[in-house]
Amino acid sequence: VQLVESGGGLVQAGGSLRLSCVASGRTVSNYAMGWFRQAPGKQREWVAAISWSSGTTYYTDSVKGRFTISRDNAKNTVYLRMNSLKPEDTAVYYCAQNPRVSVFQESYEYWGQGTQVTVSS
């Protein structure tokens, strides 16, 4: 299984980015997918997740109303749309795959290499 993220970059506060995570070797439709992030000097934290069966979405409180996780099963891709970005959103963002939705990174089986998001003030 390989997960490849893209779409990161430098954006001003209040701007938007859309991250993509393309999966190969295993279809996203049969597995829960999660997005995590790790800011400099901080531990990696869970950001959002989407279930495989119902497509139910889950978000950490700090991104609710600003971020949207979605998936395109035909493209085997999961997205993270990020609006109203803040400097505190600056981090390396990772996608991960798991049989079930979880907020715990230890439960995720496969990880991408990460994509850098930098939000300037």
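Please read all numbers here as calculations on a predicted model, not as lab measurements.
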Would you call [X] and [Y] a side-chain contact if the rule is heavy atoms closer than 4.5 Å?
X	Y	value
F67	L80	yes
W111	L3	no
R44	Y94	yes
T118	V11	no
S6	T115	no
L19	Y79	no
Y59	T68	yes
M82	V117	yes

>> To the closest 0.5 Å, what do you measure between SG (C21) and CE (M33)?
In response: 4.0 Å
Measure from the side-chain N and O atoms of [X] to the backbone N and O of [Y], and report whether any donor-acceptor pair falls under 3.5 Å.
X	Y	result
D72	K75	yes
E5	S20	no
W52	S54	no

> Between N98 and R100, do the side chains contain an N or O donor and an N or O acceptor separated by less than 3.5 Å?
Replying inline: no
>> Please tell me whether N83 and S16 have a donor and an acceptor in their side chains that are separated by less than 3.5 angstrom.
In response: yes
> Which residues pass the salt bridge (charged side-chain N to carboxylate O under 4.0 Å, His left out) test with E45, sequence neighbours left out?
Replying inline: R37
> Between V63 and I69, is there a shared hydrophobic cluster once you connect ILVMFWY residues whose side-chain heavy atoms come closer than 4.5 Å?
Replying inline: yes
> Taking 4.0 angstrom as the limit, do D89 and K86 come out as a salt bridge?
Replying inline: no
> So Y108 and F36, would you call those rings parallel, tilted or perpendicular, with 30° and 60° as cut-offs?
Replying inline: perpendicular
